[in-house]
Amino acid sequence: VSKQPHSTGMLLSSYDCWSVIKASECDVDLVYFTPLSLSLCSRSRRTGQYNVQRGKAAGAALGSSSGKAPYQRCSSQDSLDEQAMVDYFKEVEIIQCSGDAETQEDLQLKVADEGEQEEAWLMEAGLATLFDESASDGEDGIVLLSTLTRTQAAAVERRVETLKQTLRKRNKPYSVPDVREIFKPSPASQSKVRNGARPGAPGGGTDAEMDINLEVSFSEQALIYKEGLKVTQPQNEADDRLPDFKVSQDKTGQTRVGDLSAEDMKKVRRLVLIEMSALFDTCGIEVKAHKALKVKVRESGLFGVSLSTLLEQDQRRIPGTKVPLILQHLISHIEEQGLDTEGVLRIPGAATRVKAVCHELEHKFYEGVFPWESLKQHDTASLLKLFIRELPYPLLTVEYFNAFVSLQALNLLVLLLPKPNRDTLKALMEFFQRVIDHKDRNKMTLNNVAVVMAPNIFMCKGFRSKISEQQEFAMATGTANIVRLLIRYQNLLWTIPKFILNQVRKQNMENQRKMNRDRAVKKLLKKMAYDRERASNKQETTACRGFIRVQAPQFSMVSMAVQLTEDLKASDVLTRFLSQERTLSVKREDLCLYEMGGNIKERCLDEETYIKALLELNPSAEWVIKSVQH
């Protein structure tokens, strides 16, 4: 840990490191974790969105040959160069000149009061029973507590204790139990963590490749480093060169957002909230959730409408829509006109024309009579940015607005986003990557796209606050770096870490045990087991001979037997199925092999999943082939 005197609100830039900071009045504690290139801005004492100044103020923030720089840096080179940040402030000026930035009065993001915040946190984590005995999540909460790691348990303990103290100060009656009655340390799990391989160096070696460990809790990894790992000083990299991360191959397959059932995703979200809080607690970072703001929003239309309302409108027309249709059309139109156009996303369309087209879209889009062929590409890009800015609630929701600071934190925070926000953000990141793939012609590198889109993503309508010039530049660079990370590591950030999935499996197993202990259920299960035994006698026989039975109820071939080998993958099962189901009209990419039952509700398998390894993890699983909607 290195301590250097810095002023509050300064910008931290570091290379080849994952950094977390604790901002205070006089110093910043900087801890290096696993390799990652990013820039962090410290937590401002004033919360909320910022309003960047234009023109000369922006130039002053970038520094000049004369005069003292308005901020200090903790490495020899920034992640984003000065020219890139000039493009950022140009984009801000374009936004302000467009007139849409001033159409709504400023709203300040408010931090929840002490006690109120802890109570809301416990409710969101599914642990309301810890302060309210009448809460409906009693059994589920107990099961959840039994699966927590030591750092996760400590995060819950901290909030329970804070809530108790707050209620005591208010002289209010409370039923919060003593934390010693809630948690009992698990020596076996602690030993497993302490003896496990350190992130970035599997087996204790010094592999030059940059690994990221998804099998051990991020907060546990942070604690291991905090307890004794030597600090590796950051090294410089070119501004567009971020490290490639290697995720160790897992034979049970990777799990991406959308692969699990809604019921299991609910468990994932609760665990992710606890894990994120544990990670920041371990690193000494205080992140206070903002209160959800009540903003007047339109109840219909395209621009200035909430994502949930948009999707309700769209799903009435096309069931299963996950990303607003207007956004899909704007992206498609930009791509149809070619991504080789120089300055695509950066060069603005004509403001008056964009405003007129916006009005026309509102009236003609759903009728299908809008003249897309006459819409210019740069105007379309401006409409896409306007759509993002006009969202009444930002894509990166306000509850944890200041917490998007590092790769592991970003991974957890992406998983915490509401599903419409997460799906829409992913569609945008995929589009941005396709733009970057044409950088040799369109001159839009990762940095260029990040600095142009950051103001549109973070300067959301209705959220403004006055900040100093110093904070202004720090926030500008910080948000641009967040967009860089979201684009560059999107495949990793939309992945559910294995340690979270394993905790979900433990919860499901414990729930099953509780069900089996219920006499009425046990009696019913006994009858069901007898009927199942008779019906699946043939299936058990084939399994004993080294086969699995794969069900395909949606198709004409209801089931098939597949020989179980060490090398059998999910992709092999799908290939075998397609070779036998010759009349199938569904494309290969629209098929998925699902793991169902046992200790998971439903999971769409990565095609690289080894079936035998997964069967050892979930012996009671059944295998089902279904068509999926991408």
Side-chain angles (χ1 to χ4, degrees), residues 1-14 17-48 74-75 109 111-112 114 117-118 120-121 124-125 149-159 161-162 199 217-227 229 231 234 271-290 396-417 458 471 474-475 477-479 481-482 485 493 497:
V1 178
S2 61
K3 271 194 176 183
Q4 297 176 352
H6 293 294
S7 58
T8 304
M10 67 149 291
L11 169 69
L12 291 179
S13 299
S14 54
C17 69
W18 180 57
S19 308
V20 291
I21 59 171
K22 177 182 180 183
S24 63
E25 202 64 54
C26 300
D27 58 37
V28 172
D29 294 339
L30 180 61
V31 185
Y32 297 103
F33 281 42
T34 57
L36 172 64
S37 173
L38 76 151
S39 290
L40 297 176
C41 54
S42 68
R43 175 175 56 85
S44 169
R45 294 194 178 276
R46 298 195 56 174
T47 59
C74 65
S75 70
L109 300 183
V111 176
E114 190 175 36
Q117 178 170 304
E118 282 70 28
W121 187 92
E124 191 176 354
T149 65
R150 57 176 173 167
T151 48
Q152 292 172 352
V156 177
E157 285 185 61
R158 180 184 177 190
R159 283 149 185 83
E161 276 296 316
T162 302
S217 158
F218 297 154
S219 55
E220 293 288 344
Q221 295 181 49
L223 189 59
I224 293 171
Y225 275 84
K226 188 176 180 180
E227 289 176 344
L229 188 68
V231 173
L271 285 163
V272 165
L273 174 63
I274 297 171
E275 170 62 17
M276 184 199 71
S277 302
L279 175 61
F280 285 118
D281 287 354
T282 303
C283 300
I285 300 176
E286 185 177 6
V287 179
K288 293 188 176 181
H290 294 112
L396 307 182
T397 52
V398 298
E399 284 82 358
Y400 297 97
F401 199 83
N402 293 333
F404 286 83
V405 293
S406 66
L407 192 64
Q408 282 90 335
L410 272 173
N411 183 197
L412 298 174
L413 286 157
V414 164
L415 297 177
L416 272 178
L417 289 173
F458 285 93
Q471 291 171 318
M475 291 289 281
T477 314
T479 54
N481 269 297
I482 290 170
L485 298 180
L493 295 175

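Numbering of residues begins at 1 and proceeds along the displayed sequence. Just so you know, these numbers come straight off a predicted model, no measurement behind them.
- Here the closest non-hydrogen pair linking Ser277 and Trp121 is OG-NE1, 2.8 Å.
- Here the CG atom belonging to Leu279 is positioned 11.0 Å from the CD atom belonging to Glu220, to the nearest 0.5 angstrom.
- Scanning all heavy atoms of the two residues, the minimum distance from Thr151 to Ser219 falls at OG1-OG, 2.6 Å.
- Interatomic distance, Arg158 CZ to Asp281 CG, rounded to the nearest 0.5 Å: 4.5 Å.
- When only modelled atom types and interatomic distance are considered, Ser217 and Glu275 share a side-chain donor-acceptor pair under 3.5 Å.
- The heavy-atom pair separating Leu493 from Leu485 by the smallest distance is CD1-O, 3.6 Å.
- Asn411 places no side-chain N or O within 3.5 Å of a backbone atom of Leu407 that could act as its donor or acceptor partner.
- You'll find the side chain of Thr477 reaches within 4.5 Å of the side chain of Asn481, heavy atoms only.
- Distance check, rounded to the nearest 0.5 Å: CD of Gln152 to CG of Leu271 gives 6.5 Å.
- Nearest approach of Phe218 to Pro497, heavy atoms of both residues: CZ-CG, 4.0 Å.
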